[in-house]
Amino acid sequence: MRYQVPKGTRDILPDEVGEWQFAEERFRKVCRRFGYREIRTPVFEQTELFVRSVGEDTDIVRKETYTFDDRGGRSLTLRAEGTAPAVRAYIEHNLAGQAGRVVKLYYLAPVFRYDRPQKGRYRQHHQAGMEAIGSQDPALDAEIIELALAWWQELGVTGCRVMINSVGCGECWPAYLEKLKGAIGQALPQLCADCQQRYQTNVRRILDCKQEQCRAVTQGVPYQVDHLCPECAAHFGSVRRCLEAVGIQYEVNPRIVRGLDYYTKTAFEVSHEALGAQDALGGGGRYDGLVEACGGKPTPGVGAGLGIERALLVREALGLRVGAADGGRCFLAVVGQEAKCRAVALLSELRRAGIAADMNHTGGSLKAQLRRADSDGWEYVAILGEDELARGTVTLRCMNTGEQREVPQADLAREVAG
Ligand code: AMP
């Protein structure tokens, strides 16, 4: 029996890991610059957390969660998105303290959704996410977008398309949803099966459907952004002015409603044409009711989730790639059993001196060992054969220049350190 990775998941192999580390390091760096601190939450949560926050009638909760009972009969769900766990931890550990300050968090975490896999869409993907909890200030909505763009810029990803919208608040919804239902009602039979259900449970999401027939029906229907309460309209205006103040170009796209129920006011998505069908690089928005819905004091917040795989796919399309990790500093090529024992001690000395080193464990001729060390990218090879053993030396070869000289074993660490 040969096993394979589960459908929709991928191994990140050593040659690719350099790209991942690069993307993660740059995200940490940008987050620090903006005052966000890392949080790590468990890979699973109580199922109820996602049902309550993401929403019972969303695609994620209805069709995509990985949910199971543990041996104690508790229903658990693998992280289906990053905001709810961060908010749960914010409440549970009272991260705001007495002062009620803004708490800025970021995370790098796997997200699990049972979806039809295709290029750029996986059942386990990874998100770089950030949350600013504790203020309604529109400057924070703009800051989240600015931070996301700063990360992509660090990664060399240019050509991002920023689309923003306002999905309003509890004040704006009843009258607007009535209007929207009225506008769509006549054409109900023309909608796809999913949207016919959405009409009953989550009518706004019909705007987001990619099916041709649904797009046609929703052409010209009223949009929330044109029917905001005065407070939401003023907030949206401020977000726009803040974006303009920091020189971020954006479009208002009234169809952006996002697949999660907790959004209020600002919703945004950033796409990139190099991605093809699954073109979202990241998205997010404001969630002023979420902390309360999760059992905390009423507290506003805003955040985003950015796909790491998607960012790397764009880098690939743009021809950007950090080199595969190199082999290290010094490889010990060993000839003969006698030399082996000495090589083990020398290798340990090098590593204790902080030098990335390894030795040959699979025999073979000296020529074969040198060839392999070269293709694995080692900078130096220290050859230890019978002659060297007798003289207490190694033959040190610089792989770049091909230059060789004999050095005392006691000097090896110093010789290759520089
Ligand atoms: P969401 O939590 O759905 O707003 O997703 C945030 C970002 O994560 C998206 O904009 C994508 O970049 C990425 N993403 C979402 N779902 C997937 C998936 N199934 N596979 C790969 N990336 C994804």
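One-based numbering, in listed order, for ligands and for the atoms of each. Note that the coordinates shown come from a computational prediction; the quantities given were computed from them, not determined experimentally.
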>> Geometry only, no angles: is Gly282 polar-contacting ligand 1 at N/O separations under 3.5 Å?
In response: yes
> To the nearest 0.5 Å, how far apart are CH2 in Trp151 and OH in Tyr106?
Replying inline: 12.5 Å
> Aromatic ring centroids of Trp20 and His126 under 6.0 Å?
Replying inline: yes
> Any idea which atoms of ligand 1 are less than 4.0 Å away from a heavy-atom of Gly305?
Replying inline: 6 (C), 7 (C)
> Which residue holds the protein heavy atom closest to atom 21 (C) of ligand 1, what is that atom called, and what is the gap in Å?
Replying inline: Gly120 O, 3.1 Å
> Under 6.0 Å from the CD atom of Gln153, do we count more than 12 heavy atoms belonging to anything else shown?
Replying inline: no
> Which ligand 1 atoms are under 4.0 Å away from a heavy-atom of Leu281?
Replying inline: 10 (O), 12 (O)
> Is it true that Glu309 lies under 4.0 Å from ligand 1, counting heavy atoms only?
Replying inline: no
> Which heavy atom of the protein is the closest neighbour of atom 15 (C) of ligand 1, given with residue, atom name and distance?
Replying inline: His125 NE2, 3.4 Å
> Which protein non-hydrogen atom lies closest to atom 8 (O) of ligand 1, naming both residue and atom, and how far is it?
Replying inline: Gln127 NE2, 3.3 Å
>> List ligand 1 atoms under 4.0 Å from Ala280, heavy atoms only on the residue side.
In response: 10 (O), 11 (C), 12 (O)
> Should the heavy atoms of other residues, nucleotides or ligands under 6.0 Å from OH of Tyr250 be counted, would the total exceed 12?
Replying inline: yes
> Just heavy atoms, cut-off under 4.0 Å: does Arg310 contact ligand 1 by side chain, backbone, both, or neither?
Replying inline: side chain
>> Give me the residue, atom name and distance of the protein heavy atom closest to atom 4 (O) of ligand 1.
In response: Arg258 NH2, 2.5 Å
>> To check your reading of the model: name the closest protein heavy atom to atom 3 (O) of ligand 1, its residue, and the distance in Å.
In response: Arg113 NH1, 2.8 Å
>> Does atom CZ (Arg351) have a neighbourhood of more than 12 heavy atoms from anything else shown, all under 6.0 Å?
In response: yes
> For atom 13 (C) of ligand 1, what's the nearest protein heavy atom and its distance?
Replying inline: Gly307 CA, 3.7 Å
> Within 45° of the axis and under 6.0 Å from the centre of the six-membered ring of Tyr223, does NZ or CZ of Arg255 qualify?
Replying inline: no
> Ion pair present between Asp208 and Arg205, side-chain N to carboxylate O less than 4.0 angstrom?
Replying inline: yes
> For residues 235-251, which residue pairs qualify under salt bridge (charged side-chain N to carboxylate O under 4.0 Å, His left out), counting only residues two or more places apart or in two chains?
Replying inline: Arg161-Glu251
> How many angstroms lie between atom CD1 of Ile184 and atom CG of Leu191, to the nearest 0.5 angstrom?
Replying inline: 6.5 Å
> To which protein heavy atom is atom 19 (N) of ligand 1 closest, and what is the distance rounded to 0.1 Å?
Replying inline: Tyr122 O, 2.9 Å
